[in-house]
**Student:** 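Below is a structure I'd like to ask you about.
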Amino acid sequence: MKKKRVTIRDHHAEAALFGRRVFVSLVVVVIALGILLSNMYRLQVVNHHSFQTRSNDNRIKVVPLAPNRGLIYDRHGRILAENRPVLSLEVTPEKVTDLADTLTRLQQVLEFDDEVIQSFHDNRRRERRFSQVTLLDHLTEEQAARFAVRQHDFPGVSIEARLVRHYPYGDALTHALGYVAKINPNDLNKLREENKQANYAATRVIGKLGIERYYEELLHGTIGFEQVEVDIHGRAIRTLSVQPPIPGQDLHLEIDIELQQFAYDLLGNDRGSIILMDPRDGAIRAIVSKPSYDPNWFAQGITHAQYQSLLNSPHSPLLNRSTQGGYPPASTVKPQVALVGLDEGVITPTTRIWDPGWFQIEGVNHRYRDWLAWGHGWVDVTSSLVESCDTFYYDLALKLGIDTLHDHMVRYGFGERTGIDINEEAAAVMPSRGWKRARFNQPWYAGETVSVGIGQSYWTTTPIQLAVGTAVLTNRGHRPVPRLLHALQEGDIILPAVVESREPVVLNNAEHWDVILDALNRTVSTVKGTAHRAFRGASYTSGGKTGTAQVRSIGQEEKYNAEEIDERYRDNAMYVGYAPATDPEVVVVVAVENTIGGGGSVAAPMARKLLDFYFAQEQAHAQVEQ
């Protein structure tokens with residue numbers, strides 16, 4: 001049997017196959033290496049800056065630093081709003097394992113109400129999980145000590161020191177200063193709209209009312225930043241750099257706190273407003289609205305019960321009566337009405353009418369009564385102001401017409417905002433035919449014009465408008481813009497506030513100013529003057545006008561008796577005045593709601609006491625400066 005031949009291996013074929021495999025492998029390796037090198041180039045060179053920044057972000061944390069809020073002083077440098085250090089209990093939810101249990105145990109240790117926990121949860125929903133959320137705003141010394149000895153039991157909870165706003169004079173200045181309170185969602189939305197949210201990254205409160213709100217941007221300051229290195233858990237290891245915040249500017253107001261406190265106490269338990277203003281430049285020396293409330297409630301965290309007590313009070317303490325209270329001006333605006341009559345040529349300084357104690361429109365049975373039932377007899381412009389004769393102004397208003405009255409009165413500042421540097425101001429109402437048609441879709445009646453002549457009907461004013469309107473008289477046409485700000489202070493630099501004025505009132509005959517001012521001086525200095533009794537024996541000269549405003553109409557045969565009607569329907573007592581009689585340096589406005597007695601017996605005596613205090617104080621300051 002033949003043996004099979006053994007096949008000899010083909011070395012050339014195997015070598016060729018191996019070569020092809022090596023080549024393919026080499027190509028794959030080269031391609032892979034190329035891809036790797038390409039990615040390394042992209043990461044290390046092309047995107048180096050981006051990844052370097054992201055790496056620093058993981059290692060470095062930027063912490064915003066809140067600026068100290070500017071302080072507020074009165075015109076003599078006494079502090080009206082300050083920042084006080086307090087201790088607060090802060091919780092970082094991210095670092096707390098069982099938040100509910102932690103809060104329960106903290107409540108047992110520190111003894112606070114369930115309302116505090118609810119408020120904490122409300123605030124937590126508005127914050128990021130890793131942000132600190134305040135649990136208790138003001139820790140007492142006892143609470144701080146209790147927590148300190150057990151702090152190790154509460155990881156993620158710490159005591160922090162911070163500054164809070166404090167108002168040392170409490171409710172005496174609330175409606176002028178306003179207050180700060182926690183930033184709420186509405187505030188955040190407004191800050192975003194104004195592109196200011198970044199500046200409030202570390203700020204907890206914002207100005208809500210008054211000076212605090214009007215000058216918020218100046219008072220707040222500019223945010224600062226701190227760069228800190230953190231570990232993988234976000235804990236700070238060391239501080240890398242600090243850009244300190246810029247504190248807010250300090251404000252110096254025109255208010256004299258001694259005058260303000262005196263005026264506030266002067267009102268006692270009455271509701272109303274008192275204003276003392278320099279007519280020459282509009283500087284407010286005192287501005288009181290009562291009843292008031294403690295602004296520290298809001299600055300330090302108002303409770304639900306406290307807020308409800310303000311909202312539900314029948315006396316409306318939240319209303320700034322000085323700038324928002326709509327009062328019928330009553331006889332306090334007779335001087336301006338008389339000037340309109342003189343300027344329009346409807347009357348002259350010697351024009352006289354007979355006052356039997358009432359006025360009647362021809363063809364109408366209704367009688368418009370004078371406050372003096374038997375009348376004042378023959379009266380002219382001067383005697384009508386000195387004795388406050390209503391009949392003279394019933395007749396004058398009807399002759400002028402409502403539209404003429406309206407067009408002139410807005411020049412004195414009635415029916416529009418005065419421009420005082422707080423936002424809470426109402427325009428009140430200076431009526432006209434067009435106003436009534438737009439408001440009620442009704443025509444205007446002659447009888448309504450008659451009532452407007454004595455500051456009644458639809459006509460309402462704010463006390464600050466009365467102050468400006470009186471200043472126009474004493475300045476013989478110059479109309480100042482009232483202001484609370486005296487100067488700004490930044491470091492050692494003090495910048496005086498800008499003094500503004502509106503378009504002046506120019507009469508066709510400038511001598512008519514003297515006619516009216518002489519009558520107002522006689523209202524105080526002569527026996528028949530309605531303010532004479534209140535100012536008898538004063539050490540200074542002055543002028544003024546009393547007013548008694550009806551809150552509700554009285555029937556034709558009805559007799560008004562303040563003691564027999566509900567308090568809310570009693571008349572308001574009004575007084576506007578100035579001193580000295582020549583070159584006045586202050587204008588005073590007093591409005592007292594629902595009183596027993598009128599402007600001459602209630603409001604004018606208050607004005608007298610305030611002016612007595614003012615001049616005594618000015619004399620004392622002058623002696624100290626000497």
Side-chain angles (χ1 to χ4, degrees), residues 67-86 163-181 205-221 247-267 273-278 281-300 302 317-318 320-323 420-425 464 482-497 586 610 613-614 617-618 621:
N68 290 340
R69 193 171 182 84
L71 307 180
I72 303 177
Y73 300 90
D74 83 338
R75 68 193 308 258
H76 296 296
R78 290 164 292 204
I79 193 76
L80 304 179
E82 60 184 341
N83 302 318
R84 285 188 174 180
V86 298
L163 297 176
V164 298
R165 202 64 156 174
H166 178 73
Y167 304 97
Y169 294 97
D171 49 7
L173 272 168
T174 302
H175 293 99
L177 287 186
Y179 57 81
V180 298
V205 297
I206 193 170
K208 298 286 187 174
L209 292 176
I211 286 291
E212 292 277 26
R213 179 184 174 190
Y214 193 90
Y215 293 106
E216 167 63 28
E217 189 169 349
L218 297 176
L219 286 165
H220 178 261
Q249 297 182 46
D250 295 339
L251 304 185
H252 293 260
L253 304 186
E254 294 287 1
I255 285 178
D256 183 322
I257 188 56
E258 291 182 359
L259 275 171
Q260 179 77 15
Q261 190 69 61
F262 185 86
Y264 184 79
D265 295 338
L266 198 59
L267 272 173
S273 168
I274 294 179
I275 295 175
L276 196 68
M277 183 183 82
D278 188 330
D281 61 2
I284 302 291
R285 300 287 184 247
I287 181 167
V288 170
S289 174
K290 207 167 185 181
S292 185
Y293 54 95
D294 189 351
N296 293 302
W297 284 5
F298 288 90
Q300 299 173 8
I302 190 169
L318 294 172
N320 186 345
R321 285 167 163 79
S322 296
T323 59
I420 187 172
D421 48 352
I422 55 177
N423 291 309
E424 303 78 51
E425 184 180 15
I464 193 64
R483 59 186 170 83
L484 293 165
L485 184 65
H486 171 69
L488 298 171
Q489 181 175 352
E490 188 170 2
D492 296 329
I493 301 174
I494 296 180
L495 301 174
V586 285
L610 183 60
F613 185 84
Y614 168 79
Q617 188 189 48
E618 288 297 297
H621 285 310

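What you see is a predicted model, and the numbers here were worked out from it, not measured in a lab. The chain is numbered in sequence order, starting from 1.
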**Student:** Could you check whether Tyr264 and His175 have their ring centres less than 6.0 Å apart?
**Tutor:** no

**Student:** Keeping Gln249 on the side-chain end and Leu219 on the backbone end, is there a donor-acceptor pair under 3.5 Å?
**Tutor:** no

**Student:** Would you give the length of the straight line joining atom CD of Gln261 to atom CG of Leu173, rounded to the nearest 0.5 angstrom?
**Tutor:** 8.0 Å

**Student:** Is it true that Arg165 and Glu82 have a side-chain N and a carboxylate O under 4.0 angstrom from each other?
**Tutor:** no

**Student:** Quick check for you: to the nearest 0.5 Å, what is the distance between Tyr214 atom OH and Ile420 atom CD1?
**Tutor:** 9.5 Å

**Student:** Looking at every non-hydrogen atom in both residues, tell me the closest pair between Gln489 and Ile494 and how far apart they are.
**Tutor:** CG-CG1, 3.9 Å

**Student:** I'd like to know whether CD of Glu217 has more than 12 heavy-atom contacts from other residues, nucleotides or ligands below 6.0 angstrom.
**Tutor:** no

**Student:** Taking C-beta and beyond as the side chain, do Val180 and Ile206 meet within less than 4.5 Å on heavy atoms?
**Tutor:** no

**Student:** Rounded to the nearest 0.5 Å, what separates atom CD in Glu212 from atom OH in Tyr179?
**Tutor:** 11.0 Å

**Student:** Which atom names give the shortest non-hydrogen contact between Pro295 and Gly178, and what distance separates them?
**Tutor:** CB-O, 3.9 Å

**Student:** Would Val586 and Met277 satisfy side-chain contact (heavy atoms from CB on, under 4.5 Å), going step by step from the backbone distance to the final call?
**Tutor:** CA-CA 5 Å; Val586 285; Met277 183 183 82; over 6 Å; no

**Student:** Under 4.5 Å between any side-chain heavy atoms of Ile211 and Leu484, yes or no?
**Tutor:** yes

**Student:** Please lay out, stage by stage, how Leu251 and Leu485 fare under the test side-chain contact (heavy atoms from CB on, under 4.5 Å).
**Tutor:** CA-CA 7 Å; Leu251 304 185; Leu485 184 65; 4.1 Å; yes

**Student:** Rounded to the nearest 0.5 Å, what separation is found between the OH atom of Tyr293 and the CZ atom of Phe298?
**Tutor:** 5.5 Å

**Student:** Can you tell if the side chain of Ser292 reaches within under 4.5 Å of the side chain of Pro317, non-hydrogen atoms only?
**Tutor:** no

**Student:** Do we see a donor-acceptor contact under 3.5 Å between the side chains of Asp421 and Tyr215?
**Tutor:** yes

**Student:** Under 4.5 Å between any side-chain heavy atoms of Ile255 and Leu177, yes or no?
**Tutor:** no

**Student:** What are the two closest non-hydrogen atoms of Ala176 and Ile287, and how far apart are they?
**Tutor:** CB-CG2, 3.9 Å

**Student:** Find the distance between NE2 (His486) and CD1 (Ile284) and round it off to the nearest 0.5 Å.
**Tutor:** 14.5 Å

**Student:** May I ask you to say whether Lys208 pairs ionically with Glu216, meaning some side-chain N is under 4.0 Å from a carboxylate O?
**Tutor:** no

**Student:** Identify the heavy atoms of Gln260 and Ala172 that sit nearest to each other, and give their distance.
**Tutor:** NE2-O, 2.9 Å

**Student:** Check whether any side-chain N or O of Asp74 sits under 3.5 Å from a backbone N or O of Gly77 as a donor-acceptor pair, and report yes or no.
**Tutor:** yes

**Student:** Tell me, do Asp278 and Arg285 make a side-chain contact under 4.5 Å, heavy atoms counted?
**Tutor:** yes

**Student:** Measure the CG-CZ distance between Asp256 and Phe613 for me, rounded to the nearest 0.5 Å.
**Tutor:** 7.5 Å

**Student:** Compare every heavy atom of Gly221 with every heavy atom of Pro67, then report the nearest pair and how far apart it is.
**Tutor:** CG-C, 3.9 Å

**Student:** Are the side chains of Leu80 and Tyr167 in touch, meaning some heavy atoms are under 4.5 Å apart?
**Tutor:** no

**Student:** Using atom types as modelled and distance alone, determine if a side-chain donor or acceptor of Thr323 lies under 3.5 Å from a backbone N or O of Glu424.
**Tutor:** yes

**Student:** Any heavy-atom pair between the side chains of Leu610 and Leu259 that's under 4.5 Å?
**Tutor:** yes

**Student:** Could you walk me through whether Lys290 and Asp171 pass salt bridge (Lys or Arg N to Asp or Glu O under 4.0 Å), step by step?
**Tutor:** CA-CA 9 Å; Lys290 207 167 185 181; Asp171 49 7; over 6 Å; no

**Student:** If I compare all heavy atoms of Ser273 with all of Ile275, which pair ends up nearest, and what's the gap?
**Tutor:** OG-CG1, 4.0 Å

**Student:** I'd like to know if the side chain of Asn320 reaches the main chain of Glu425, judged simply by a donor and an acceptor atom lying under 3.5 Å from each other, with no hydrogens or angles considered.
**Tutor:** no

**Student:** Quick one: are Asn83 and Val164 in side-chain contact, heavy atoms under 4.5 Å?
**Tutor:** no

**Student:** Can any side-chain N or O of Gln617 pair as donor or acceptor with the backbone N or O of Glu258 at less than 3.5 Å?
**Tutor:** no

